[in-house]
Amino acid sequence: MAAFLHDSSYHRALGFFCAHWAYAEAAVDLCNSAVLDSYGGRTIAPALPHDFEEQIEFFRKAHRTLPALAPFARSGLPLIGRLAALRYDRHSLITGLQLGYLSQMPPDVQRTRLVPDGLFTEAKRFTEAEIEGKAAEAADIAAGLL
């Protein structure tokens with residue numbers, strides 16, 4: 001059995017997720033840029049953070065501390081929380097090692113990703129429907145932020 005099998009439906013689902021993840025990250029960048037330039041964000045940081053973890057923290061700190069963002073915090077903080085939670089599945093889907101199909105599982109049901117976890121690895125299995133659901137979640141977050 002090959003280590004990596006081409007599967008157009010899986011790749012289509014993964015591509016759909018990647019596109020919507022990119023929209024969500026762009027939405028965070030746009031929000032943070034507006035906060036920095038128009039809502040007092042320079043009191044938190046002199047420039048936009050580049051690392052995704054720092055972008056999330058900047059967004060959270062700005063919405064928790066800047067009075068001008070108080071009207072947006074009720075909707076913005078839960079959205080950034082959802083995106084922060086989704087980043088772990090994003091890691092599994094995008095940077096995890098594709099092992100191909102597990103011989104004991106039907107090939108059209110599940111794929112396996114390995115995620116480094118200290119000295120161990122964690123197998124994560126996603127159906128195409130789950131991947132598409134995660135893409136819809138990322139799209140919903142992006143729409144909510146924008």
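- The pair R60-E57 meets the salt-bridge criterion, with a side-chain N (NZ, NE, NH1 or NH2) lying under 4.0 Å from an Asp/Glu carboxylate O.
- Here CZ of F58 is found 5.0 Å from CG of L36. Values are rounded to the nearest 0.5 Å.
- Note: W21 and F52 meet the aromatic proximity criterion, with ring centroids under 6.0 Å apart.
- Between E128 and R12 there is no salt bridge, since no side-chain nitrogen of the basic residue lies less than 4.0 Å from a carboxylate oxygen of the acidic one.
- Atoms NZ and OG1, on K61 and T43 in that order, are 8.0 Å from each other to the nearest 0.5 Å.
- Across A27 and L145, no two heavy atoms sit closer than the pair CB-CB, 3.8 Å.
- Closest approach of A73 to P78, counting heavy atoms only: O-CD, 3.8 Å.
- The distance from atom CD1 of I141 to atom CG of L83, rounded to the nearest 0.5 Å, is 5.0 Å.
- Using a 4.5 Å heavy-atom threshold, the side chains of I56 and R87 count as touching.
- Hydrophobic cluster membership is shared by Y39 and L48, with clusters built from Ile, Leu, Val, Met, Phe, Trp and Tyr side chains linked at under 4.5 angstrom.
- Taking SG from C31 and CG from L79, the interatomic distance works out to 9.0 Å, rounded to the nearest 0.5 Å.
- Looking at Q55, its side chain never comes within 3.5 Å of a backbone N or O of V28 through a donor-acceptor pair.
- Side chains of S33 and D29 form no contact here, defined as non-hydrogen atoms less than 4.5 Å apart.
- With rounding to the nearest 0.5 angstrom, the CG atom of L14 is 11.0 Å from the CD atom of E132.
- Atom-to-atom distance recorded for Y23:OH and H20:NE2 is 6.0 Å, nearest 0.5 angstrom.
- Cluster annotation: I80 is not connected to F72 through the hydrophobic network of ILVMFWY side chains, with a link wherever side-chain heavy atoms come within less than 4.5 Å.
- Ring geometry for H63 versus F59: interplanar angle under 30°, hence parallel rather than tilted (30 to 60°).
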